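Remarks on the structure that follows.
None of the values given here were measured: they were computed from a predicted structure.
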Amino acid sequence: DALSIQAEEEALCKAEEELLLNRKRCAGELQQLWQELDLREMAFTEAALEVLEAPTAASELMQAAQLSEAVCDQAGDLQEETALLVDLHQDLETR
């Protein structure tokens with residue numbers, strides 16, 4: 001009877017040790033999963049920000065293109081006015 005109690009205690013101790021080892025292993029795996037999840041969340045956030053910034057960048061490019069077009073129009077107007085002034089100056093010199 002004492003031998004069977006001792007055998008049960010040893011089996012119980014062994015089971016408790018295995019349980020402790022499994023808990024530590026599971027805790028390590030859980031921590032690793034959380035870290036991987038955090039990394040994936042950061043990557044997702046970065047990708048989402050890039051997606052959100054894309055329309056802003058496209059809008060800024062469109063504004064820059066419109067501004068460039070306006071500057072080109074103004075440069076064309078100035079060239080026409082300059083040509084008119086040169087013609088007027090030449091007309092005044094020949095009179």
Side-chain angles (χ1 to χ4, degrees):
D1 193 39
L3 289 176
S4 64
I5 292 176
Q6 185 179 0
E8 286 180 17
E9 287 178 2
E10 287 177 7
L12 183 59
C13 284
K14 185 176 180 181
E16 287 176 348
E17 288 174 2
E18 288 178 8
L19 180 61
L20 181 61
L21 289 173
N22 284 332
R23 284 184 180 169
K24 287 180 181 179
R25 181 184 53 80
C26 288
E29 290 175 1
L30 186 59
Q31 183 178 9
Q32 183 179 356
L33 288 172
W34 275 113
Q35 290 172 347
E36 290 173 4
L37 182 62
D38 287 343
L39 291 174
R40 289 175 61 196
E41 182 180 12
M42 287 179 6
F44 177 78
T45 301
E46 288 176 16
L49 288 174
E50 288 177 9
V51 168
L52 291 174
E53 290 172 356
T56 302
S59 175
E60 289 173 357
L61 286 174
M62 289 294 293
Q63 289 175 355
Q66 291 171 350
L67 182 60
S68 176
E69 185 179 341
V71 167
C72 287
D73 289 345
Q74 289 177 356
D77 292 346
L78 285 174
Q79 188 175 11
E80 289 176 14
E81 291 175 11
T82 301
L84 289 174
L85 286 174
V86 167
D87 289 346
L88 181 61
H89 183 70
Q90 287 176 351
D91 285 348
L92 288 175
E93 286 183 351
T94 57
R95 286 183 186 187

- Task: For Leu85 and His89, run side chain to side chain contact (heavy atoms under 4.5 Å, CB included): C-alpha distance rounded to whole Å, both residues' side-chain angles, the deciding distance at 0.1 Å, then the answer.
- Result: CA-CA 6 Å; Leu85 286 174; His89 183 70; over 6 Å; no
- Task: Verify the neighbour count for atom CZ of Arg25: are there more than 12 heavy atoms of other residues, nucleotides or ligands below 6.0 Å?
- Result: yes
- Query: Heavy-atom count around Glu69 CD within 6.0 Å, excluding the residue itself: above 12?
  - Reply: no
Can you measure from [atom1] ([X]) to [atom2] ([Y]) and round to the nearest 0.5 angstrom?
| X | Y | atom1 | atom2 | answer |
| --- | --- | --- | --- | --- |
| Leu12 | Glu8 | CG | CD | 9.0 Å |
| Leu92 | Thr94 | CG | OG1 | 7.5 Å |
| Leu88 | Glu93 | CG | CD | 10.5 Å |

Is the shortest side-chain heavy-atom distance between [X] and [Y] below 4.5 Å?
| X | Y | answer |
| --- | --- | --- |
| Glu9 | Ile5 | yes |
| Leu78 | Glu81 | yes |
| Leu3 | Gln6 | yes |

- Task: Give a yes or no answer on whether the side chain of Thr45 reaches the backbone of Glu41 with a donor-acceptor pair at less than 3.5 Å.
- Result: yes
- Query: Looking only at atom types and distance, does a side-chain atom of Ser68 sit under 3.5 Å from a main-chain N or O of Ala64, one as donor and one as acceptor?
  - Reply: no
- Message: Test of understanding: clusters of I, L, V, M, F, W, Y form through side-chain heavy atoms closer than 4.5 Å, transitively. Do Leu30 and Leu37 belong to the same one?
- Response: yes
- Taking 4.0 angstrom as the limit, do Arg40 and Glu36 come out as a salt bridge? no
- Task: Give the C-alpha distance, both sets of side-chain angles, the deciding distance and a yes or no for side chain to side chain contact (heavy atoms under 4.5 Å, CB included) between Leu39 and Met42.
- Result: CA-CA 5 Å; Leu39 291 174; Met42 287 179 6; 4.2 Å; yes
- After noting the C-alpha distance and the side-chain angles of Leu67 and Gln63, does the key distance pass the side chain to side chain contact (heavy atoms under 4.5 Å, CB included) rule? CA-CA 6 Å; Leu67 182 60; Gln63 289 175 355; over 6 Å; no
- The single option from Glu18, Glu16, Glu10 passing side chain to side chain contact (heavy atoms under 4.5 Å, CB included) against Lys14: Glu18
